[in-house]
Amino acid sequence: MTMLIRGGTLVSTDRTFIADILIDGGKIIAIDESDGSEIRNPDTGRRRTPPEVETIDASGKLIFPGGVDPHVHLDLPMFDTVSSDDHYSGTKAAAFGGTTTVLDFVSFDHPTLGESVEAWHQKAEKAAVDYSAHMNLTRFNEKIAAEIPYLLEMGISTLKVFTAYNGRLRLEDGNIFKALRVARENGMLVMLHAENGDVIDILVAEALAAGHTSPEWHAKTRPAWGAVESALRAFALAATADAPLYLVHMNTAGEVDMLKYGRERGLKVMGETCPQYLFFTEDDLRRPDGAKWICSPPMRSAADNARLSEGVADGTIQTIGTDHCPFFQDGTQPILYEGKMIAIPGKELGKDDFTKIPNGLPGVEDRLPVLWTSGVGSGKLTANQFVALTSTNPARIFGLYPRKGALLPGSDADIVIWDPHRKARHGVAQSHQRTDYNLYEGWELCGMPEKVFLRGQLIVDGDKWLGKAGMGEFLPRMPGAPVL
Ligand code: URP
Ligand code: ZN
Ligand code: ZN
């Protein structure tokens with residue numbers, strides 16, 4: 001079906017301009033910035049007034065490419081439970097927040113990488129927006145190394161490695177170095193979870209032995225210095241392997257300093273932070289409901305929030321993802337979700353022991369409205385930076401551009417009509433994330449999606465959900481994506 005979005009103000013990474021967007025077959029086929037009253041026929045080049053197409057008036061509204069969230073965990077088994085958004089509920093929530101592409105993670109919990117990817121596909125096929133995944137490389141030997149290039153045949157071009165979670169997810173430095181080399185040879189990108197697993201294990205054992213069981217000990221036992229030194233350590237490994245590296249969920253000022261240091265020396269290193277690390281601190285873990293803020297790496301200090309915001313604004317940090325990995329605050333109490341009562345064990349599992357609190361937070365739906373209000377609304381970010389951080393840069397870094405992250409002829413018609421003046425008090429009652437709390441409860445937000453299109457189909461219209469489970473497409477990704 002042909003459709004015209006008329007008179008909106010398009011925002012790209014470097015321009016803001018009024019134009020009409022002509023959509024056909026799920027793609028943008030023309031952008032016309034002549035005068036808003038006519039559009040060219042793409043075949044003949046002649047102007048035509050298009051009464052024959054469905055027209056949506058977007059005058060007075062902003063138009064963004066659909067958000068690309070580079071970091072979500074849907075249906076992720078953790079401890080004795082599973083993250084409470086699956087590939088349908090999490091992607092529906094994403095769409096309500098203006099995000100039309102999500103990048104999930106494949107757990108390496110089958111004998112081979114290939115079997116793990118297959119198992120992930122079975123879970124992911126109910127996604128309601130487009131999706132891909134990074135491979136968690138949590139075991140390593142020569143056989144696994146030899147299988148890595150075959151991930152590309154499955155459309156997966158990124159690997160996540162961990163310097164923490166000893167005995168579970170961590171790779172030794174030598175194996176991270178070998179993985180970086182394999183990635184470099186095959187045009188793949190390694191992503192790093194930076195914390196010091198050895199130090200964490202010692203501090204956790206000491207804390208438990210001393211009877212410390214409350215949520216604040218989660219942060220106290222995962223010190224910022226571990227994040228800083230392991231980020232620099234991995235940058236050094238990447239430099240030696242001449243490979244690119246992407247630092248996920250940056251949470252502390254020292255990581256920003258290390259990223260700046262590496263980039264100034266020409267290393268191919270990039271970074272991502274998440275909204276929670278810009279706004280919350282270790283103090284939140286001391287609240288009576290502190291378990292709600294438990295994630296790894298943990299919240300830090302107000303000075304860390306400020307330095308991360310600075311790194312976002314000055315371009316040291318390339319993307320803002322969410323690390324969306326929600327759990328119920330109280331999974332013994334069902335909530336109503338799409339007409340059914342649902343309860344999934346959550347943070348209450350660790351009420352007597354902080355090490356048993358499932359790690360992770362909701363956020364995929366909150367990302368754009370919260371960042372718009374706090375960043376663009378306060379003058380700290382331009383609208384163009386907002387689009388770069390939340391859509392175009394992740395699309396480029398992860399090999400999806402210009403299909404995603406762009407409003408260009410030939411791009412998928414993933415389009416957000418954004419009302420910069422719409423105000424709302426945010427919270428769990430407004431949210432579509434399948435959990436019983438919202439980190440931004442009571443925040444006054446200004447600016448949110450009005451309509452969201454996925455490949456030309458209207459999936460969110462104000463408060464109405466028009467999308468469906470399974471309408472998301474898997475996005476195979478190519479090697480050799482750029483280093484920004
Ligand atoms: O607490 C978090 N972030 N859970 C998800 C797993 C990870 O390391 O990103
Ligand atoms: Zn991580
Ligand atoms: Zn994560």
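Bear in mind that the values here come from a model prediction, so they are computed numbers and not experimental data. Positions are given from 1, in the same order as the sequence printed here. In each ligand, atom 1 is the first atom listed, and ligand 1 is the first ligand listed. Excluded from the calculations below are hydrogen atoms, water molecules and symmetry mates; all remaining heavy atoms, backbone and side chain alike, are included.
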- Query: Counting heavy atoms only, which part of F105 comes closer than 4.0 Å to ligand 1: side chain, backbone, both or neither?
  - Reply: neither

- Note on the structure: The answer for which part of Q276 has a heavy atom under 4.0 Å from ligand 1 is neither

- Item | K160 atom NZ and H249 atom NE2 as seen from the Zn ion (ligand 2), angle to 10 degrees | 130°

- How about Y165 and S296: do any of their side-chain heavy atoms sit closer than 4.5 Å? yes

- Message: Can you tell me which portion of N359 lies within the under-4.0 Å heavy-atom range of ligand 1? Options are side chain, backbone, both, or neither.
- Response: both

- Check whether any N, O or S atom of H71, backbone or side chain, sits closer than 2.8 Å to the Zn ion (ligand 3). yes

- Under 3.5 Å donor-acceptor, T221 side chain and L203 backbone: no

- Protein contact to atom 6 (C) of ligand 1 [nearest heavy atom, distance to 0.1 Å]: H73 NE2, 3.6 Å

- What do you reckon, does M191 put a non-hydrogen atom under 4.0 Å from ligand 1? no

- Can you tell me the N, O or S atom of H193 that's nearest the Zn ion (ligand 2)? ND1

- Message: Counting only heavy atoms from other residues, nucleotides and ligands, does the tally under 6.0 Å from CZ of F177 exceed 12?
- Response: yes

- Message: Has D130 got a side-chain atom pairing as donor or acceptor with E473's backbone, closer than 3.5 angstrom?
- Response: yes

- Polar side chain donor-acceptor pair, T252 to E255, under 3.5 angstrom: no

